Colleague: 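Once you've had a glance at the structure underneath, I'll fire off some questions.
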Amino acid sequence: MRIVRTVKSLRACIKKAKSRHQTVGFVPTMGALHDGHLSLIRRCRKENDLAVISLFVNPKQFGPQEDFAAYPRPEKKDKLLAKKEKIDIMFYPSGKEMYPSGFLTTIEVERLTEHLCGAARPGHFRGVATVVGKLLNMVAPDRLYLGQKYAQQAAVITQMVKDLNFPVTVKVCPTVREPDGLAMSSRNVYLSARQRQEAAVLFRSLQQAKKEILSGERRASHVVRRMRQTIKTHSSGTIDYIACVNADSLIPLEQLTGDVLIALAVKFGRTRLIDNICFHL
Ligand code: AMP
């Protein structure tokens, strides 16, 4: 595995691979790698000649009161894991390399970013779209691998790729979970033992909702109310949102039909966890 710290050397590596007609797959991450990331990496490895991962805790996607400084950065462990997974190139830039002084440009994807996490985290998706847009220009991959875990992020990036004509295919991969159903996340390490145990209720509430819907329930308000009850009864979490939306447009649904995404964000102490399920009716 080559660890590359500058855009210039990254471009040189990619140019060499492309001159050999190798296909390039890319997994952007903020590090603190877990099995969710590894599932994307493995798929990327399998489907491409060259597997590239980026490790960058992007300051532009954190709000002023958020956990940028505290975000876990287990550098050694990440490097070992990436090596073990036979990544070809790990792009590990500094903040200055990504945002040199005088940096002025941002990418704003409208409408899709207004609801769900966009409402609670103003500017978050601008930061995400900007960094992923930059990374796509640097890596020039044939395929980009994202997790369904961040459903809104996947929808925003897919829209950006389409609108700005990035020549890349977006692959959205399933959420990887702990044995009790909690979606893997770099932020799970913040949870106390009690919060960690309680947090399993998030996936249970999503499963319960799906079961009710598959038995005929079509009223979104009813589904959300029941999920609220379950989470409140079985945890100390504070609900930020629970929403039933169309999976592509993210427009809220009253009657559940078509491609449905049920998404939630719940805070345990200062740790905000998100999860979702997606299915077709
Ligand atoms: P992050 O490092 O948190 O920015 O995440 C990098 C990528 O990993 C994003 O595309 C996420 O959607 C994906 N990801 C995060 N958690 C999971 C998970 N539990 N299962 C699958 N993919 C995930």
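Note that ligands are numbered from 1 as they come in the structure, with each ligand's atoms numbered from 1 the same way. Nothing here was measured: the structure is a model prediction, and the numbers come from that model.
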Colleague: Tell me if a side-chain donor or acceptor on Glu85 pairs with a main-chain N or O of Arg42 at a distance below 3.5 Å.
Modeller: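 Side chain of Glu85 to backbone of Arg42, a donor-acceptor pair under 3.5 Å: no, none is there.
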Colleague: Collect the protein residues that have a non-hydrogen atom under 4.0 Å from ligand 1 and hand them over in chain and number order.
Modeller: Pro28, Thr29, Met30, His34, Gly36, His37, Leu40, Tyr71, Leu146, Gly147, Lys149, Tyr150, Pro174, Thr175, Val176, Met184
Colleague: With sequence neighbours left out, what residues match His234 under ring pair (Phe, Tyr, Trp, His ring centres under 6.0 Å)?
Modeller: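 Listed in chain order: nothing, the list is empty.
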Colleague: Distance only, no hydrogens: is a donor on one side chain within 3.5 Å (strictly under) of an acceptor on the other, for Thr230 and Gln208?
Modeller: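 On atom types as modelled, these side chains qualify, holding a pair under 3.5 Å.
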Colleague: Mind jotting down which residue pairs meet the side-chain hydrogen bond (donor to acceptor under 3.5 Å, both in side chains) criterion with at least one end in residues 49-59? Sequence neighbours excluded, please.
Modeller: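 Qualifying pairs: Thr23-Asp49, Asn58-Gln61, Asn58-Tyr99.
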Colleague: Which hydrophobic side chains are connected to Ile87, either touching it within the sub-4.5 Å cutoff or through other members that do?
Modeller: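 In the cluster with Ile87 are Met1, Ile3, Val27, Leu33, Leu38, Leu40, Ile41, Ile53, Leu55, Leu81, Met90, Tyr92, Tyr145.
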Colleague: Is there a donor-acceptor pair under 3.5 Å between the side chain of Arg126 and the backbone N or O of Thr106?
Modeller: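 Flag not set: sc Arg126 to bb Thr106 has no pair under 3.5 Å.
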